[in-house]
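All values below come from the heavy atoms of this structure, side chains included, with hydrogens, waters and symmetry mates left out. Predicted model only: the values in this text are computed from it and were never measured.
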Amino acid sequence: MSNYKWHFPATDGGIQQGFENEGMSYFKSDSHYYIARETIQNALDAKDDKKKGEPVVVEFRLFKSSLANAIPELSLYKKTLKENLKANKNNPVAKKFFERAIQITEQQTINILSISDSGTVGVNDINKDEGRWHGLIKMVGKGSQEQRNIGGTFGIGKAAPFVCSELRTVLYNTVNSQGESAYIWKPIFTTHGTPKKQGIGFFCEYGKENNESYANGISVEKYKPDFLTRKHNGTDLCILGFKKPQNLHRGQEWHHLFKKAILDNYFAALYDNELKVILKDDNNEYELNSTNVFEMLKDDYISPIDERNNKSSFPYLDAYMNDKNNVYNFSINKLGKCKFYLLQNDDYPRKISYMRGPKQLVFTKSNTRLKTGYSAVFITDSKAGNKYLSKCEGPRHDEWFKGWHSKEGEAATVLKTISMEVNKILNNLTKETFSEETLLSGLEQFTYIEEDENPIETDGHSLDGNDGDDGFTLDDNVIETHDIDYAKPNLKRQRRRKKVEKDKDGFGPEGEGGESGTGGRSDIGGEGGTTSGEKGDGPEQGGKGDKKYKKLPKTRFSYKCFQKSGDSDYNLVISSKFEEDCQMRLYAQGIDSDKNENIIIKNVKDAETGDKIEFNGNIVENIKTDSNPKTILLKVENNRKLGVEVELYAK
């Protein structure tokens with residue numbers, strides 16, 4: 001015998017649940033963005049293969065409904081909210097939430113965002129103990145690896161919609177390819193009531209069979225809200241008490257952040273007509289599809305600076321669709337066939353978009369191996385490759401890391417192979433571009449960098465947190481190429497004093513990093529060691545405090561210096577791993593000289609702003625560097641071509 005009710009199982013002395021939910025915590029920082037990513041990914045994963053050539057259609061619809069229509073047994077639902085408020089009277093965050101939730105249930109209407117898909121198989125295996133329904137409705141956490149890709153990767157990502165609900169309640173409805181249909185409400189609250197009940201419950205068909213309780217989806221029409229009118233296969237996800245985005249610019253509507261997230265993450269699926277998205281409310285309706293994705297992304301990319309989408313995927317779409325691009329095909333064990341699209345454009349950011357099966361952007365990664373501007377896309381869209389890489393993804397599906405896979409060693413090899421294949425392509429292109437400009441320095445940045453010095457990052461976020469051993473490093477191959485051989489300068493031996501007195505910190509004449517303090521009289525000035533010396537002729541004295549500089553190792557910065565064809569000025573492009581306030585020293589190996597010498601600078605200015613930069617002799621003062629390449633224009637006294645060697649000193 002079964003009945004229909006709000007059911008929160010008893011704790012029976014077991015674990016109690018607080019207000020902070022592990023799954024929801026992953027998405028609190030940018031919840032609307034992740035709703036778009038997660039729900040569309042699940043729709044694409046559930047595509048009906050019988051509908052070849054037809055796109056999956058996902059509709060985001062914001063509307064109002066009466067509370068009595070949207071929430072069954074409303075009085076019992078309110079009673080549960082009040083029990084939760086009482087249970088959290090000493091938790092100010094939870095108390096505020098439940099007070100607000102109770103206020104909403106006293107109103108006549110409620111905001112609802114429904115996300116509905118078509119062209120999919122729906123949620124199969126309704127009310128079974130395994131399969132897609134179980135993964136979506138019942139499974140807590142990321143689920144077993146076997147359940148992560150059975151027609152939809154319902155992991156922790158399914159918690160994202162609850163973050164945007166002022167009631168932390170979601171209604172699911174589906175019609176599936178197995179001829180079944182069901183709907184069910186699911187709230188995520190806290191342990192509450194007397195006797196104590198669990199925080200996660202359902203409005204469901206509840207009963208017992210063979211001494212086992214069940215909480216099933218509902219198939220009768222009696223409790224179904226009138227806004228659930230689905231007749232064809234697919235799924236509706238309704239966020240009750242939808243919270244509109246707050247961080248919008250003036251004049252922007254609720255759908256603005258959704259549109260950006262969809263365009264930036266699913267540009268390839270939209271362009272290939274494998275996805276169509278509709279965003280609508282009572283006043284407006286917008287459609288994203290294969291015919292307008294290019295123009296929409298382009299408009300976003302060149303929008304006013306205060307509204308510009310800095311993560312715009314327009315350069316990657318341009319690479320993916322441009323008939324002038326380079327397309328490389330190769331196979332990787334466990335992934336099958338892979339493609340790499342690359343488009344060279346001086347305005348593009350030298351980044352690669354990494355994608356898998358549903359043509360969803362997982363992350364972007366800088367790779368400055370190719371010194372001209374470019375954008376690129378790596379993708380594997382085979383079923384085997386899609387499934388394998390999905391198991392390397394974290395809860396937010398924004399990384400590939402060996403530690404997420406059940407076979408960590410094997411995954412490390414697969415991810416490393418992706419890196420090697422990408423670098424092989426860029427290395428070959430680097431050699432081809434050498435003839436276009438005279439490379440005069442900076443070749444050390446093409447050599448191997450230790451992993452712990454250069455962990456992979458995606459838009460500023462480290463992907464692992466395990467001592468830099470990420471198993472997917474993009475900067476680990478060596479290009480054996482030289483423009484001008486570099487010989488280190490013959491340093492003049494400093495005349496040692498017979499007696500060396502330590503300073504008050506216990507240091508002698510050498511600095512903390514092993515650099516010499518040369519604050520004594522010299523033709524070119526001291527190099528900023530830790531020992532105070534006599535006043536020198538150069539611009540810097542070997543002193544302490546603001547005058548103290550420390551030489552940076554080559555692993556902390558990279559650069560190249562070149563002359564464009566027919567130009568006598570030098571372009572120096574430099575970047576550092578961290579933000580630095582620097583002093584830069586320039587040396588040269590002349591073509592007709594066998595030793596390094598100082599470069600005498602005539603003029604220095606910032607290429608982007610045109611502002612003049614202070615300099616003295618061979619030293620450029622007050623340079624600020626970070627991970628974004630900075631271009632500096634140099635004029636020097638010598639007319640001959642020089643191989644420029646840069647040393648960087650930071651405060």
Side-chain angles (χ1 to χ4, degrees), residues 301 305 308 310-312 314-316 318-319 342-353 364-376 422-423 426-427 429-430 433-434 436-447 449 453-461 473-476 479 481 483 552-564 567 569-586 604-613 615 620-635 643-650:
Y301 185 65
I305 193 165
R308 185 166 299 172
N310 294 323
K311 295 183 179 180
S312 174
F314 177 73
Y316 311 118
D318 201 12
L342 185 142
L343 178 65
Q344 290 180 261
N345 184 318
D346 288 340
D347 294 330
Y348 287 168
R350 295 190 293 174
K351 286 187 176 182
I352 302 167
S353 163
T364 60
K365 171 70 173 73
S366 293
N367 191 320
T368 57
R369 187 173 299 272
L370 186 61
K371 295 306 158 184
T372 59
Y374 75 93
S375 61
V422 167
N423 282 340
L426 296 180
N427 289 348
L429 285 171
T430 300
T433 59
F434 279 169
E436 298 177 9
E437 59 186 30
T438 305
L439 285 179
L440 297 174
S441 67
L443 298 180
E444 77 289 338
Q445 61 196 294
F446 295 132
T447 58
I449 298 175
E453 288 278 333
N454 189 31
I456 185 171
E457 295 178 353
T458 59
D459 288 331
H461 299 287
T473 305
L474 296 182
D475 297 299
D476 60 354
I479 302 179
T481 180
D483 183 34
L552 296 182
K554 291 296 180 67
T555 55
R556 287 271 294 274
F557 69 98
S558 60
Y559 69 93
K560 75 170 182 176
C561 190
F562 60 91
Q563 289 176 315
K564 293 183 178 178
D567 195 349
D569 294 345
Y570 289 86
N571 287 257
L572 173 61
V573 184
I574 189 164
S575 63
S576 56
K577 291 179 70 173
F578 310 104
E579 290 186 3
E580 308 279 10
D581 289 321
C582 297
Q583 184 186 84
M584 185 166 58
R585 306 185 181 207
L586 305 180
V604 188
K605 65 180 179 179
D606 189 306
E608 183 177 358
T609 65
D611 295 339
K612 291 186 177 180
I613 300 174
F615 66 94
V620 180
E621 308 276 8
N622 301 323
I623 293 290
K624 292 184 181 295
T625 62
D626 54 32
S627 59
N628 297 312
K630 181 184 187 69
T631 302
I632 297 169
L633 301 180
L634 295 167
K635 284 184 180 291
V644 179
E645 171 72 10
V646 172
E647 291 181 355
L648 210 59
Y649 294 77

**Study point:** By side-chain hydrogen bond (donor to acceptor under 3.5 Å, both in side chains) - contacts of Lys635 (at least two apart)
**Key:** Asp569

Review point. Can you tell me how far CG of Leu634 sits from CZ of Phe615, rounded to the nearest 0.5 angstrom?
Key: 9.5 Å

Check your understanding: For the atom pair NZ (Lys554) and OH (Tyr559), what is the distance rounded to the nearest 0.5 Å?
Key -> 5.0 Å

Review point. Can you list the residues that meet the side-chain hydrogen bond (donor to acceptor under 3.5 Å, both in side chains) rule with Asp347, with sequence neighbours excluded?
Key: none

Practice item. List in chain and number order the residues that pass ring pair (Phe, Tyr, Trp, His ring centres under 6.0 Å) with Phe314, two or more places apart in sequence or in another chain; answer none if no residue qualifies. Key: Phe294, Tyr301

Point to revise | Ile623 and its side chain to side chain contact (heavy atoms under 4.5 Å, CB included) partner, picked from Leu648, Ile613, Asp581, Val604 | key: Ile613

Exercise for review: Taking the side chain as every heavy atom from C-beta outward, state whether Tyr374 and Ile352 have any pair of such atoms under 4.5 Å apart.
Suggested key: yes

Check your understanding: Can you name the nearest heavy-atom pair linking Pro315 to Ser375, along with the distance?
Key -> O-OG, 2.6 Å

Review point. How far apart are the closest heavy atoms of Glu580 and Arg556, and which atoms are they?
Key: OE2-NH2, 2.6 Å

Check your understanding: Do you know which two heavy atoms are closest between Ala376 and Tyr316, and how far apart they sit?
Key -> O-CD2, 3.5 Å

**Study point:** Note, Val646 side chain near Ile574 side chain (heavy atom, < 4.5 Å)
**Key:** yes

Review point. Among Asp606, Leu572, Val573, which one satisfies side chain to side chain contact (heavy atoms under 4.5 Å, CB included) with Lys630?
Key: Asp606

Check your understanding: If you round to the nearest 0.5 Å, how far is CE of Met584 from CD of Glu647?
Key -> 12.0 Å

Review point. Are any of the side-chain heavy atoms of Ser627 and Ser575 separated by less than 4.5 Å?
Key: no

Review point. Between OH of Tyr348 and CG of Leu342, what distance do you get to the nearest 0.5 Å?
Key: 12.0 Å

Review point. When rounded to the nearest 0.5 angstrom, what is the spacing between CG in Asn367 and CZ in Arg350?
Key: 9.0 Å

Check your understanding: Once you round to the nearest 0.5 Å, how far does CZ of Arg369 lie from CG of Asn427?
Key -> 4.5 Å

Check your understanding: Is the closest side-chain heavy-atom distance between Phe578 and Leu552 below 4.5 Å?
Key -> no

